[in-house]
Amino acid sequence: MHEVRADVVVIGSGAGGGTVASRLVPMVRAGKRVLLLEKGPRFRDEDFDGNEIRMAPALYAESGGFLTADGTMTLAFGQAYGGSTVVYTGTSLPCSERAGAFATENNVHLLPDEEINENNRLFVKGCREAGYTCHQFPVNVRGCRGASLCNLGCPNGAKQGTHKVQLPRAEAGGVEVVTRAEAIRIEERAVVARVAKGPEDGPGAPSEWEAGTYRISAECVVVAGGSIGSSALLLRSGMARMLPRLGHGFTAQPAFILVGEHDRAFTNDVGHPKSFYVDRAEEEGYVLETCMYFPFVTAKNLTGFGPEHETLMRAFPRLQMILVLAVDRAVPENRITVDRAGEPVVHYTFTSDTVARMVAATRASARIFFAAGAERVHAPPSEPVLLERADEARIEDCIRVEHFVPGRCSVSAAHLMGGCGMGTSARDSVTDAWGRVHDVPWLRVADSSLFPDSLEINPYLTVMALADRVADDVLDDMGVSP
């Protein structure tokens with residue numbers, strides 16, 4: 001085992017870890033060593049070739065098909081230099097002044113009208129005709145060329161995630177980044193990590209370190225591996241005995257793709273995929289977002305098999321798409337554990353409230369599709385699943401709670417939160433309000449696992465704001481001025 005010494009080790013390079021790393025540059029100037037470990041590889045823009053079959057396993061845990069314990073929901077989270085900020089669509093909703101500062105830093109703005117594609121325009125038309133208020137998403141892009149490949153990595157370097165903003169700034173300031181380095185466990189003021197060489201014929205650069213196992217001693221460890229990664233790491237490290245709430249409070253904003261088939265082709269796969277949304281989170285517990293997913297993901301998310309499924313997929317150039325997001329809540333049965341090998345296991349049950357929100361969102365989407373001119377609508381919690389225009393007046397009767405069958409309706413989620421929630425003591429939480437793990441003063445958490453309950457918006461700017469606050473505390477503890 002290789003022995004390494006650092007002052008601070010940051011685990012994870014996404015919205016949380018990348019932010020912390022960029023804020024700790026003053027420590028390097030003060031003569032201290034800051035290391036960041038990232039499980040995934042470092043990619044060049046030209047590596048993002050848009051091939052779903054090749055890029056999904058390179059960018060996502062389990063190719064984007066990480067399943068909950070009962071197999072009823074897939075969870076998507078990135079594993080790359082930049083974490084999930086490499087594969088999100090860049091939709092940016094700040095909820096605080098601190099988060100707003102990162103919106104400015106990451107070039108968040110509204111797309112001009114000429115860059116809005118027809119899939120989004122149909123959504124706006126449908127909302128207007130059906131009586132729903134929609135808003136335009138601010139997005140963090142610079143020089144977007146409309147490749148619409150956001151979820152597979154931007155080939156044009158337009159998306160301003162941590163891989164384009166915070167991490168390069170951190171490295172320029174002397175923070176050392178080690179990719180393909182998986183944190184296996186945390187010991188007393190130390191991290192044990194395994195560095196992999198990586199496939200010779202796959203995308204992504206080799207690791208900066210030689211392959212092998214490393215024990216990295218540090219005065220401070222900041223865990224930012226995401227909701228699942230951070231929770232699993234602390235569980236593997238035997239911390240559940242002192243932290244009974246570890247792994248609890250998991251939420252995910254369950255989602256599925258709905259499509260409306262029109263009688264003509266339009267630009268659904270050109271331009272930025274997410275430009276507008278309907279926010280009914282506070283009133284009815286759901287959000288609707290414009291979206292565009294490429295054929296493989298779309299096929300996986302459409303209910304059914306055989307000729308009917310094939311017919312719908314052949315209509316791909318004519319499909320308008322809406323992503324339904326339900327605002328779920330932290331409940332005791334939804335939690336993260338690890339198996340005997342230390343791998344994460346996510347237990348998730350769809351509560352009656354969550355199902356009701358997904359059904360309400362599906363009804364709203366169907367109305368928007370038909371109002372936009374769709375001839376038929378594919379709605380998973382419906383009987384029949386494919387609604388014709390003649391069914392428009394029967395939406396309430398066709399789309400019902402009892403038609404939502406876990407496993408039959410293809411549900412996915414990407415806004416993974418909780419597991420290391422903030423609170424007042426080890427009895428009710430894992431960390432305090434500054435991300436400090438209870439009774440472990442040298443260990444902190446700085447990612448979406450800190451949320452004690454689900455947010456009602458896309459979470460990455462909020463994660464950055466929390467991570468910024470954690471970094472403030474690290475600097476203060478280490479006696480370094482920002």
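Remember, predicted model here, so these are calculated numbers, not experimental data.
- Residues Glu118 and Arg264 are paired through a salt bridge, judged by an N-O separation under 4.0 Å between the basic side chain and the carboxylate.
- Heavy atoms of other residues, nucleotides or ligands lying less than 6.0 angstrom from CZ of Arg363 number more than 12.
- In this pair, Phe43 and Phe48 present their aromatic rings tilted. The plane angle is within the 30 to 60° band.
- One side chain, Ser13 or Glu38, offers a donor N or O that lies under 3.5 Å from an acceptor on the other.
- Ring centroids of Phe66 and Phe77 are separated by less than 6.0 Å, placing the two rings close together.
- Proximity of Phe350 to Pro254: side-chain heavy atoms (C-beta onward) are separated by under 4.5 Å at one or more points.
- Between Cys127 and Val278, the closest heavy-atom pair is SG-CG2, 3.6 Å.
- Annotation: side chain of Lys274 is in contact with side chain of Leu323 (closest heavy-atom distance under 4.5 Å).
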- Task: Test side chain to side chain contact (heavy atoms under 4.5 Å, CB included) on Glu105 and Val165 and set out the steps.
- Result: CA-CA 8 Å; Glu105 187 172 284; Val165 182; 4.0 Å; yes
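- Residues Ser449 and Ser231 have side chains that never bring a donor and an acceptor to within less than 3.5 angstrom of each other.
- Atom-to-atom distance recorded for Ser412:OG and Phe256:CZ is 10.0 Å, nearest 0.5 angstrom.
- Within the 4.5 Å cutoff, no side-chain heavy atoms of Met321 are placed close to those of Thr290.
- Contact detail for Thr19 and Asp468: the closest heavy-atom pair is CG2-N, 3.8 Å.
- Under the 3.5 Å distance criterion, with hydrogens and angles disregarded, a donor-acceptor pair is assigned to the side chains of Gln320 and His262.
- To the nearest 0.5 angstrom, Ser63 atom OG is 11.5 Å from Met55 atom CE.
- Annotation for Ala330 and Thr251: closest pair N-CG2, 3.5 Å, computed over non-hydrogen atoms.
- Once rounded to the nearest 0.5 Å, the distance linking NZ of Lys159 with SG of Cys150 reads 5.0 Å.
- Crowding of Arg194 atom CZ: a count of heavy atoms from other residues, nucleotides or ligands under 6.0 Å not exceeding 12.
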- Between Arg245 and Asp428, does a salt bridge (Lys or Arg N to Asp or Glu O under 4.0 Å) hold up when you go through it step by step? CA-CA 6 Å; Arg245 295 296 301 167; Asp428 64 12; over 6 Å; no
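- Contact check for Glu62 versus Leu75: no side-chain heavy atoms found under the 4.5 Å cut-off.
- In terms of heavy atoms, Gly16 sits closest to Ala224 at C-CB, 4.0 Å.
- One distance of note links CZ of Phe250 with OG1 of Thr68; it measures 8.5 Å at 0.5 Å rounding.
- No donor-acceptor contact under 3.5 angstrom links the side chains of Asn458 and Gln253, judged on distance only.
- Looking only at atom types and distance, the side chain of Gln136 has no donor-acceptor partner in the side chain of Ser275 under 3.5 Å away.
- Judged by distance alone, with hydrogens and angles left aside, the side-chain atoms of Arg367 form no donor-acceptor pair with the main-chain N or O of Ala130 at under 3.5 Å.
- For the pair Ser92 (side chain) and Gly90 (backbone), a donor-acceptor distance under 3.5 Å is present.
- In this structure a side-chain-to-backbone donor-acceptor pair under 3.5 Å is missing from Asn106 to Val108.
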With side chain to side chain contact (heavy atoms under 4.5 Å, CB included) as the test, would you mind laying out the steps for Leu325 and Val327 before giving the verdict? CA-CA 7 Å; Leu325 290 158; Val327 179; over 6 Å; no
Verdict with reasoning, Thr89 to Val139, per side chain to side chain contact (heavy atoms under 4.5 Å, CB included):
CA-CA 8 Å; Thr89 52; Val139 294; over 6 Å; no
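- In summary, the aromatic rings of Phe276 and Phe123 are positioned with their centroids too far apart to meet the 6.0 Å limit.
- Counting heavy-atom neighbours within 6.0 Å of Lys197 NZ, excluding the residue itself, gives a total of 12 or less.
- Not one N or O on the side chain of Glu261 forms a donor-acceptor pair closer than 3.5 Å with the backbone of Arg376.
- In this structure, the side chains of Glu52 and Leu152 come closer than 4.5 Å at one or more pairs of heavy atoms.
- Lys125 places none of its side-chain heavy atoms less than 4.5 Å from the side chain of Ile368.
- Counting all heavy atoms, side chain and backbone alike, Cys398 lies closest to His403 at O-ND1, 2.9 Å.
- With hydrogens and angles disregarded, a donor-acceptor distance shorter than 3.5 Å links the side chain of Arg180 to the backbone of Ala205.
- The pair Arg44-Asp47 meets the salt-bridge criterion, with a side-chain N (NZ, NE, NH1 or NH2) lying under 4.0 Å from an Asp/Glu carboxylate O.
- No donor-acceptor distance shorter than 3.5 angstrom exists from the side chain of Asp279 to the backbone of Leu288, with no hydrogens or angles considered.
- Sequence neighbours left out, the pairs with a member in residues 323-336 that pass side-chain hydrogen bond (donor to acceptor under 3.5 Å, both in side chains) are Asp328-Tyr348, Arg329-Glu456.
- Between Asp113 and Arg121 a salt bridge is recorded (basic side-chain N to carboxylate O distance below 4.0 Å).
- For the pair His309 (side chain) and Ala299 (backbone), a donor-acceptor distance under 3.5 Å is present.
- Between the side chains of Asp353 and Thr351, no donor-acceptor pair is found at a separation under 3.5 Å.
- Side-chain atoms of Arg236 come within 3.5 Å of backbone N or O of Ala183 as a donor-acceptor pair.
- A salt bridge links Asp45 with Lys164; the closest basic N to acidic carboxylate O contact falls under 4.0 Å.
- Looking only at distances, a side-chain donor or acceptor of Asn119 sits under 3.5 Å from a matching main-chain atom of Cys291.
- When atom types are taken as modelled, the side chain of Asn156 and the backbone of Ala158 share no donor-acceptor pair closer than 3.5 angstrom.
- Centroid-to-centroid, the aromatic rings of His163 and Tyr81 stay 6.0 Å apart or farther.
- The NE2 atom of His415 sits 11.0 Å away from atom OH of Tyr88, with the distance rounded to the nearest 0.5 Å.
- Checking Asn140 against Tyr460 by side-chain atom types alone, a donor-acceptor pair falls below 3.5 Å.
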Could you walk me through whether Leu246 and Leu235 pass the side chain to side chain contact (heavy atoms under 4.5 Å, CB included) check? CA-CA 7 Å; Leu246 180 57; Leu235 287 164; 3.6 Å; yes
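- The structure places CD1 of Ile257 at 10.5 Å from NE2 of His378, a figure rounded to the nearest 0.5 Å.
- At a threshold of 4.5 Å between non-hydrogen side-chain atoms, the residues Val411 and Phe404 count as touching.
- For the residue pair Asp447 / Ser230, a side-chain donor-acceptor distance below 3.5 Å is found, with atom types taken as modelled.
- The shortest heavy-atom contact between Ala361 and Val324 is CB-CG1, 3.3 Å.
- Between Arg318 and Glu375, none of the side-chain N atoms (NZ, or NE/NH1/NH2) sits under 4.0 Å from a carboxylate O, so this pair counts as no salt bridge.
- Residues Pro459 and Phe451 are in side-chain contact: their nearest non-hydrogen atoms beyond the backbone lie under 4.5 Å apart.
- A salt bridge does not link Glu282 with Arg357: none of the charged nitrogens is closer than 4.0 Å to a carboxylate oxygen.
- Of the charged side-chain nitrogens involved, at least one lies within less than 4.0 Å of a carboxylate oxygen, so that Arg314 and Glu310 count as a salt-bridged pair.
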